[in-house]
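One structure is given below, encoded as structure tokens.
Reminder, nothing fancy here: chain letters follow the sequence lines and each chain counts from 1.
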Protein chains: 2
Amino acid sequence: MAPIREMLAGTGLTEQQWRVLRVLDEFGPMDASRLSREAGLMASSLTRIVQSMMTDGLVTRETPASDRRRQVIGIASRGQKVLVENRDAALEIAENLRDRLGERDLERLLDLLEALAEVDPRN
Amino acid sequence: MAPIREMLAGTGLTEQQWRVLRVLDEFGPMDASRLSREAGLMASSLTRIVQSMMTDGLVTRETPASDRRRQVIGIASRGQKVLVENRDAALEIAENLRDRLGERDLERLLDLLEALAEVDPRN
DNA sequence: TATCAATAGTTGATATGTTAAGCAAATTCC
DNA sequence: GGAATTTGCTTAACATATCAACTATTGATA
């Protein structure tokens, strides 16, 4: 992930914040539980990450009337800006990885990691 | 690594502290640079980890006269005790993983991870 | 419907990851 | 042999991981 960190160096975003934005960009606004699953972040970490992203104008948060326990997170304007400015570079990094490792090996790796995760479903 | 954490729950050790003990147990005393490589810890993290392990009586630290920049880390008595008390359980956890994932897949996974690390040698 | 249990998030404490800056001892090199 | 560089380690600052405890809602149920 070092290349991603380099990409984000100028923006002040962390990898995890970037992941939050990407998930929201892909699936649209969602509540914190799902967001934490999709982004691979623990709920307690996500709480704090969203807080700092809100004060940085990267995301918005609102409580739906249907269930006032929930927090629905969405992309804010500065978040949209960061996404637009870095999407291409991120794709390039991903392609570069695929090229260097090889399509086949990358897929094998992902499969094996998934199998590993299922050995102990807590993760 | 969750099972390892469970194993250590009673001891007050962290995964990383356990890794430090295991490396020292396998290779004997060594300086901090090598220890950080072998245990997969950043030098700055290792500094703090060794400090807290020293105050917990898990490891010792001394400066060799030949190079007074170095810190040679060794196992202290309580560290030896923790090792002895958990070595078997740790082996069992490793075997269990090998069984569940399969010898072949585990090896493939390790190979692929190594290849991945070499794509970007910074890690 | 009053209670109890489950769900969704939050917070606090502690440990590590990451980066940058800094210090002291050893090495290099003119 | 002394300035400049490199090496080995440490510290500081900030972010996340992990676990436990806690609040507020909602849902279930007797």
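When the nearest nucleotides of DNA chain D are assigned to A43(B) and I49(A) by heavy-atom distance, the more 5′-ward of the two goes with A43(B). The residue among A32(B) and R68(A) whose nearest nucleotide of DNA chain D lies closer to the 5′ end is A32(B).
In this structure, R61(B) contributes its side chain and M54(B) its backbone to no donor-acceptor pair below 3.5 Å.
In this entry the distance linking CE of M53(B) with P of dT14(C) reads 19 Å, nearest Å. Computed from coordinates, the I4(B) CD1 to dA15(C) C1' distance equals 17 Å when rounded to whole Å. Separating the CE atom of M42(B) from the C1' atom of dA20(C) is a distance of 13 Å, rounded to the nearest angstrom. L46(A) places its CG atom 14 Å from the P atom of dT18(D), with the value rounded to the nearest Å. Atom CG in L8(A) sits roughly 19 Å away from atom P in dC14(D) (whole-Å rounding).
With respect to R70(A) and D67(A), a salt bridge is recorded, a charged nitrogen being found less than 4.0 Å from a carboxylate O.
Backbone-only contact: L41(B) has heavy atoms under 4.0 Å from sugar-phosphate atoms and none from a base. At a threshold of 4.0 angstrom between heavy atoms, the contacts of R34(B) with the nucleic acid are absent. S52(A) comes within 4.0 angstrom of no nucleic acid atom, judged by non-hydrogen atoms across all strands.
The phosphate of dT11(D) (OP1 or OP2) has a side-chain N or O of Q51(B) nearer than 4.0 angstrom. The side chain of T14(A) contributes no N or O atom lying less than 4.0 Å from OP1 or OP2 of dC14(D). At least one side-chain nitrogen or oxygen of T47(A) sits closer than 4.0 Å to the OP1 or OP2 atom of dT10(C). Side-chain nitrogen and oxygen atoms of S45(B) include at least one within less than 4.0 Å of the OP1 or OP2 phosphate oxygen of dG17(C).
What you find for L58(B) and L21(B) is that their closest heavy atoms are O-CD2, 3.9 Å.
Using a 3.5 Å distance cut-off with no hydrogens or angles, the side chains of Q71(A) and T63(A) do pair a donor with an acceptor. T11(A) and Q17(A) share no donor-acceptor pair across their side chains, judged by distance under 3.5 Å alone.
Using a 4.0 Å cut-off on heavy atoms, the residues of residues 15-31 of chain B that approach DNA chain D are D31(B), listed by number. Remark: R69(B), R70(B), Q71(B) in residues 69-86 of chain B come within less than 4.0 Å of DNA chain D through at least one heavy atom.
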Identify every side-chain donor-acceptor pair in residues 25-35 of chain B under 3.5 Å, counting partners at least two apart or on other chains, and give the distances.
residue : atom : partner : partner atom : Å
D25(B)  : OD2  : R87(B)  : NH1          : 2.7
D31(B)  : OD1  : S33(B)  : N            : 3.2
D31(B)  : OD1  : R34(B)  : N            : 3.2
R34(B)  : NE   : E38(B)  : OE2          : 3.1
R34(B)  : NH2  : E38(B)  : OE2          : 3.4

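Contact check for V59(B) versus I75(B): no side-chain heavy atoms found under the 4.5 Å cut-off.
Not a single donor-acceptor contact under 3.5 angstrom links the side-chain atoms of R5(B) to the base of dT16(C). Remark: the R48(A) side chain and the dG9(C) base include no donor-acceptor N/O pair separated by less than 3.5 Å. Side-chain to base pairing of S44(B) with dC9(D): no donor and acceptor N or O lie closer than 3.5 Å to each other.
Here the CG-CG distance, from L106(B) to L97(B), works out to 5.5 Å after rounding to the nearest 0.5 Å. Atoms CG and CG, from L91(A) and N86(A) in turn, are 11.0 Å apart once rounded to the nearest 0.5 Å.
No option in R98(B), E92(B), R100(B) other than R100(B) meets the side chain to side chain donor-acceptor pair (under 3.5 Å) test with N96(B).
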